[in-house]
There are 2 protein chains.
Amino acid sequence: MVRRTKADALTTRTELLDAAERVFSSNGVANTSMMQVAEAAGVTRGAIYHHFQNKLDLINALMDRVKLPVDEMLEEIVQAHQDNPLAILKARCLHIIHQVEHDPHMQALINILLHKCEYVDDALPIHLRHLGGRNACIEESCILLDEAKKKGLIGADLNSQAIVLGLFSLVDGLMYNWLLDKSLFDLNSTAKQAIECYFKGLQA
Amino acid sequence: MVRRTKADALTTRTELLDAAERVFSSNGVANTSMMQVAEAAGVTRGAIYHHFQNKLDLINALMDRVKLPVDEMLEEIVQAHQDNPLAILKARCLHIIHQVEHDPHMQALINILLHKCEYVDDALPIHLRHLGGRNACIEESCILLDEAKKKGLIGADLNSQAIVLGLFSLVDGLMYNWLLDKSLFDLNSTAKQAIECYFKGLQA
DNA sequence: TTTTATACAAACATGCATGTATGTATGTAT
DNA sequence: ATACATACATACATGCATGTTTGTATAAAA
């Protein structure tokens with residue numbers, strides 16, 4: 001019913017993203033129509049198609065909003081524990097957990113990726129981004145573990161890649177299960193204990 | 001084009017389930033139409049709607065085929081390691097991993113549940129079954145851990161529930177990531193190392 | 001052998017989702 | 001002040017998926 005200035009348009013865009021986040025989170029991506037997103041944002045489909053090409057483009061925009069802060073934070077961690085590769089690795093895992101627990105946008109997005117979105121060809125760009133970032137993270141972590149091995153912090157017989165994959169799988173699994181039913185357990189304390197346990201098992 | 005005897009009908013039904021397993025696995029549940037399932041099975045939609053009420057009913061039937069063997073096997077494990085709760089728990093985890101790696105039906109189903117199916121209200125019955133079985137398993141495992149604690153096998157300060165949740169999250173995460181890209185790592189050896197590591201971290 | 005039930009195929013009716021095209025009021029630049 | 005672009009709403013056209021109904025050849029039952 002109304003037309004807007006440039007700034008107002010950006011507001012509309014943001015509201016659309018917020019709405020998409022909510023509706024996708026509760027209905028699932030495939031199960032949500034553009035109409036539903038529009039309604040949740042209080043506009044018509046016209047607004048969506050003006051700002052985004054289609055549902056995929058919308059999801060991509062959702063990811064753009066969230067992904068950046070992650071990498072920045074990681075820098076800090078590295079510097080904080082300069083010479084202790086294991087501490088860096090552990091802090092990273094706990095940081096991810098913390099992000100998912102406390103940043104609502106991150107939580108919604110991860111929830112969508114893990115539970116509300118089928119890993120299927122035409123959704124590929126999204127998942128490729130997710131996996132791309134994560135694979136880089138794994139490689140980097142392998143290096144950290146190798147350093148730890150050199151310093152004698154962990155058993156020399158351990159396979160770095162397997163250990164890293166296990167670690168990230170543990171983190172993934174914790175988020176996966178917690179997002180499935182947040183009332184089932186406390187994410188922070190559970191993650192802390194489980195990750196602690198895993199690291200303890202690494203010692204030589 | 002053809003009509004069949006009772007036995008042939010069962011064959012058709014099985015072929016439909018097999019087809020659904022394949023098509024869902026590659027296209028995703030929401031993204032697959034009954035038409036595609038029918039085509040993959042070499043029949044028409046009529047055949048599907050004769051054997052199943054709708055897509056949900058079809059998926060339920062898929063789960064019925066697989067779920068039973070799991071519980072049976074678990075009995076054996078318990079008896080094999082009669083008095084060592086930790087060994088039982090570890091064997092269970094490795095058994096699940098083994099199942100997913102080697103039983104194609106199980107693998108397809110877990111893949112569908114983890115990656116090809118949105119956790120959304122109308123799919124609820126499916127996920128409830130999945131979660132139900134798993135929650136029972138968690139409770140049971142907590143008991144095992146408590147026993148282990150009494151026997152002094154693990155640290156007395158550990159929270160059983162957190163540890164169990166971590167363990168199952170680890171297993172879930174490993175399956176999750178492996179099914180995402182089976183070429184990325186060897187499931188069996190990676191799981192063995194990671195789980196081993198986790199259990200090692202439990203010791204007092 | 002006649003009757004009935006089974007196992008599907010084929011056709012029908014409906015609805016919803018998508019993408020696009022068009023209209024229009026308002027902001028913006030000249 | 002005029003011309004153009006922006007930011008949407010509205011309307012339209014199309015297609016596909018679903019569920020149902022009907023038709024039919026064969027098997028099973030009586």
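Below, read A as the first sequence line, B as the second, and so on, with proteins coming before strands; counting in each chain starts at 1.
- With rounding to whole Å, B:L10 atom CG is found 15 Å from C:dT6 atom P.
- Side chain of B:Y198 to backbone of B:I163: a donor-acceptor contact under 3.5 angstrom is found.
- Rounded to whole angstrom, the span from the NE2 atom of A:H51 across to the P atom of C:dT20 amounts to 17 Å.
- A cation-pi arrangement is absent between B:K116 and B:F24 under the rule of less than 6.0 angstrom and at most 45 degrees off the ring axis.
- In this structure, B:M35 atom CE and C:dA11 atom C1' are separated by 13 Å, rounded to whole Å.
- Across all strands shown, the partner of C:dA29 is D:dT2, judged by Watson-Crick or G-U wobble contacts whose two distances both fall under 3.5 Å.
- Contacts of B:S33 with the nucleic acid, taken as non-hydrogen atoms under 4.0 Å apart, involve only primed sugar atoms and P, OP1 or OP2.
- In this structure, CG of B:L16 is placed 12 Å from C1' of C:dA7, rounded to the nearest angstrom.
- Among C:dC8, D:dT10, D:dT18, the nucleotide with an atom closest to any side-chain atom of B:R45 is D:dT18.
- Distance B:M34 CE to C:dC8 P: 15 Å, rounded to the nearest Å.
- Position along DNA chain C of the nearest nucleotide to A:N31 versus A:G46 favours A:N31 as the more 5'-ward residue.
- Atom CZ in A:F52 sits roughly 14 Å away from atom P in C:dG19 (whole-Å rounding).
- Projected onto DNA chain D by closest heavy-atom contact, B:Y49 and A:K6 fall at different nucleotides, the more 5' of which corresponds to A:K6.
- Taking the six-membered ring where the residue is Trp, B:H98 and B:H102 present tilted rings, their angle falling between 30° and 60°.
- An OP1 or OP2 oxygen of C:dA7 is reached within less than 4.0 angstrom by no side-chain nitrogen or oxygen of B:T5.
- Residue A:H50 has a polar side-chain atom (N or O) positioned under 4.0 Å from OP1 or OP2 of D:dA7.
- Relative orientation of the B:H115 and A:Y119 rings is tilted, given thresholds of 30° and 60° on the angle between their planes.
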